[in-house]
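Only one structure is covered here, and it is reproduced in the block below.
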2 protein chains.
Amino acid sequence: MNVLQRPTLHDVAARAGVSIATVSRVLNGTGIIRPATEAKVREAIRQLGFRPNRMGRDLRMGQSRSIGVLLPTLANPIFADSVAGIQEAARNAGWTVLITSSDYDTGHEQTAVEGLLSERVAGLIITVTNADTSQVLNSLDNELVPYVLFHNETGNPARSCVAVDNARAGYDAAQTLISHGHQRLGMVAGQFAASDRSRSRHAGFTVAVRAAGLPQPDLIEIDFNSDIACGALRAAFLTPLRPTGIFCSNDLLALRTIAGLRELGLAVPYDVSVIGMDGINVGQLIAPSLASIVQPSREMGRQAFAHLLARIAGDAEPEQIRVPHSYRPGQSLSAAKLQE
Amino acid sequence: MNVLQRPTLHDVAARAGVSIATVSRVLNGTGIIRPATEAKVREAIRQLGFRPNRMGRDLRMGQSRSIGVLLPTLANPIFADSVAGIQEAARNAGWTVLITSSDYDTGHEQTAVEGLLSERVAGLIITVTNADTSQVLNSLDNELVPYVLFHNETGNPARSCVAVDNARAGYDAAQTLISHGHQRLGMVAGQFAASDRSRSRHAGFTVAVRAAGLPQPDLIEIDFNSDIACGALRAAFLTPLRPTGIFCSNDLLALRTIAGLRELGLAVPYDVSVIGMDGINVGQLIAPSLASIVQPSREMGRQAFAHLLARIAGDAEPEQIRVPHSYRPGQSLSAAKLQE
DNA sequence: CGGCAAAAAGAAAACGTTTACATTAAACTC
DNA sequence: GAGTTTAATGTAAACGTTTTCTTTTTGCCG
């Protein structure tokens with residue numbers, strides 16, 4: 001045994017005076033072994049500091065007790081928290097997690113998934129920009145690897161997903177604004193192209209506004225990468241009939257929006273009320289605190305993993321899992337001023 | 001070939017009418033192959049949708065073109081950004097990254113590293129609670145796997161690290177407060193036990209304060225998991241001689257602290273100036289914007305990976321890499337009032 | 001204590017690569 | 001065009017496991 005190499009089953013077997021099969025059985029608790037033998041083996045393992053080589057095991061098993069995760073970015077706490085949930089569940093189950101991010105780039109999505117598949121992950125949890133048109137998903141359907149859409153909704157019964165009801169969330173956001181007396185509503189969204197979730201939320205938002213008999217809400221699209229006080233915001237708010245209540249398609253965007261409004265000389269919630277979505281933690285630390293439609297991100301991660309594991313084991317059919325969202329009040333949303 | 005199995009080298013070889021060695025050579029660009037042969041092989045690869053099995057390759061190569069990353073948490077943007085930098089560099093080099101988090105729990109650190117080692121990662125990038133006393137590092141030193149300390153500093157020449165000069169950062173924070181006229185300074189830190197970085201920053205902070213001939217600064221320790229308006233804050237600030245300028249050992253803590261002060265009826269920066277550390281993005285979105293000592297987190301991630309790769313390749317000796325921090329002004333830090 | 005079932009342990013193949021070495025085909029040389 | 005170098009391809013072993021199939025050992029019964 002080369003001292004510079006990690007010990008293998010053979011080394012352990014040699015030292016314990018048994019065969020590698022026996023060592024393997026001790027390690028995995030399979031088969032029946034005499035207590036005396038097991039003791040010898042365990043002692044050898046301890047002495048050598050042996051740790052099974054996953055490469056050998058995985059190759060033999062044809063599977064890698066690891067899953068791949070593809071998210072747009074870790075910079076948004078909603079995804080970082082989701083990952084924490086996935087990892088927690090995976091750790092408990094003895095699985096490892098490979099994380100990649102696409103930076104909202106469809107090209108990266110494809111290459112990232114390719115990379116994960118090369119690693120022979122046993123399954124995937126992925127968030128794509130657009131679940132209905134995604135090329136990646138189509139190619140994945142031809143693979144043998146089960147996957148769970150995450151934060152994306154799908155109507156396709158052949159595909160699993162874990163997500164909130166985004167349209168309903170948008171609807172609830174509108175209702176909340178309306179119930180606070182707001183009549184002129186608007187929605188700020190990231191580039192629609194980059195998120196089907198944004199579109200669903202907008203759709204639900206619009207439905208609620210119309211149902212209340214209010215005028216069609218403004219839609220203000222903001223480039224995630226642009227400056228804070230962008231032109232779109234200026235155009236929408238420097239008018240006498242500006243919205244008094246706006247829904248931002250996510251909390252990070254809401255923070256940007258509030259900062260932008262501030263630059264335009266508009267105060268939140270005095271001049272404009274803002275409700276965000278996601279329920280990120282910093283929203284509660286700032287002033288004004290951010291009202292938000294909360295997603296149970298960590299729990300979503302746990303559920304996504306649990307379901308994926310069931311799919312991998314063949315214990316489950318594809319399923320569309322809807323998790324409940326909730327409303328968290330905040331100072332950024334107040335009652336509309338009557339005189340307006 | 002079973003249609004339910006992924007194709008292997010053998011399948012490709014059979015279809016192209018060559019040997020598996022030739023296919024392997026085409027794949028890796030090693031050896032010389034006739035253009036006609038290469039074309040046949042590539043066509044077969046295309047037709048079968050072949051993708052090399054990393055498990056087989058890794059086992060043969062004895063190494064897994066993947067590295068492990070251990071961080072306290074992804075919930076802090078400083079670490080999420082760092083990971084983005086690591087992943088970016090890794091992707092460019094064709095490596096994969098396994099990410100785990102310890103949640104500031106020393107026990108988790110040990111098991112997480114164990115897990116990564118079982119995956120036979122070729123190297124590690126890790127942030128521990130305390131680099132000088134860490135049990136994990138001692139056991140890692142007995143392994144063959146190179147590692148790079150990340151955000152932790154070390155004086156041990158046998159260990160690599162990538163970090164800012166935390167003591168200097170604390171020193172600079174104090175100087176900045178002092179140069180704005182502040183005379184009564186304090187520092188808010190997470191539990192010291194959970195971070196050697198906190199301690200270094202505090203040490204540097206204290207040095208600068210003393211060098212300026214000012215009284216010993218208060219140290220206010222806050223449990224990361226406690227409520228916003230905690231007793232420690234109350235005790236330190238509900239006194240006539242309260243600090244007028246405080247340094248928070250990280251930005252997230254600064255946000256909590258500002259919120260806590262607000263609950264105590266103290267306004268930032270009017271009553272108290274605050275400077276944080278890390279330079280997280282949300283700091284620039286909120287009001288007041290957060291003054292901060294900025295760490296180039298993404299760049300640090302890139303450098304950590306680059307150095308680790310060099311260590312893995314045997315091209316580099318352990319090295320202590322110090323990256324420069326910088327000061328980013330913000331509204332949370334203003335000039336001290338003269339009459340005080 | 002011989003015989004036999006059950007328990008325990010071993011031998012060997014297989015997973016999908018890469019690569020050292022052997023072999024064949026092509027290309028010169030005179 | 002036979003001999004010789006060089007280019008191109010093939011053969012087979014090895015990486016460290018798990019597991020099937022055999023073989024050996026143990027325990028038990030009459």
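In this model, a donor atom of one side chain and an acceptor atom of the other lie less than 3.5 Å apart for R57(A) and N28(A).
Rounded to whole Å, atom P of dA11(C) lies 14 Å from atom CG of L9(A). Between R6(A) atom CZ and dG16(D) atom P there is a gap of 12 Å when expressed in whole angstrom units. One interatomic measurement links the two molecules: CZ of R65(A) to P of dG16(D), which rounds to 22 Å at whole-angstrom precision. The distance from atom CZ of F50(A) to atom P of dG16(D) is 10 Å, rounded to the nearest whole Å. In this structure, M55(A) places its CE atom 14 Å from C1' of dT18(C), rounding to the nearest Å.
Residues from residues 25-34 of chain A lying near DNA chain D, meaning a heavy-atom separation below 4.0 Å, are R25(A), N28(A), R34(A) in numerical order.
The ring-ring contact (aromatic ring centres under 6.0 Å, His included) check on F79(B) picks up H151(B), with sequence neighbours excluded. For L98(B), the side chain to side chain contact (heavy atoms under 4.5 Å, CB included) test picks out L98(A), S66(B), L116(B), E119(B), V121(B), with sequence neighbours left out. By the side chain to side chain contact (heavy atoms under 4.5 Å, CB included) test, Q135(B) is found to be paired with N138(B), residues two or more places apart in sequence or in another chain being considered.
Scanning all heavy atoms of the two residues, the minimum distance from A75(B) to D81(A) falls at CB-OD1, 4.2 Å. Annotation for E109(A) and T129(A): closest pair OE2-N, 3.0 Å, computed over non-hydrogen atoms.
Under 4.0 Å is where a charged nitrogen must lie from a carboxylate oxygen, and between D141(B) and R159(B) at least one such pair does.
Put simply, S24(B) has a side-chain N or O that comes within less than 4.0 Å of OP1 or OP2 on dT18(C). Between T22(A) and the phosphate of dG10(C), there is a side-chain N or O to OP1/OP2 separation shorter than 4.0 Å.
Both P35(B) and R57(A) lie close to DNA chain D; mapped to their nearest nucleotides by heavy-atom distance, the more 5′-ward contact belongs to P35(B).
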request  = Kindly indicate, with the supporting measurements, whether the criterion salt bridge (charged side-chain N to carboxylate O under 4.0 Å, His left out) is fulfilled by E43(A) and R15(A).
outcome  = CA-CA 9 Å; E43(A) 174 60 13; R15(A) 175 168 288 233; over 6 Å; no

Expected rows: protein N/O vs nucleotides 12-15 of chain D N/O, under 3.5 Å:
{"from": "dA14(D)", "atom 1": "N3", "to": "R60(B)", "atom 2": "NH1", "distance (Å)": "3.4"}
{"from": "dC15(D)", "atom 1": "O2", "to": "R60(B)", "atom 2": "N", "distance (Å)": "3.3"}

Side chains of residues 307-319 of chain B: which donor-acceptor partners sit under 3.5 Å, not counting sequence neighbours?
{"from": "H307(B)", "atom 1": "NE2", "to": "S160(B)", "atom 2": "OG", "distance (Å)": "2.7"}
{"from": "R311(B)", "atom 1": "NH1", "to": "S160(B)", "atom 2": "OG", "distance (Å)": "2.8"}

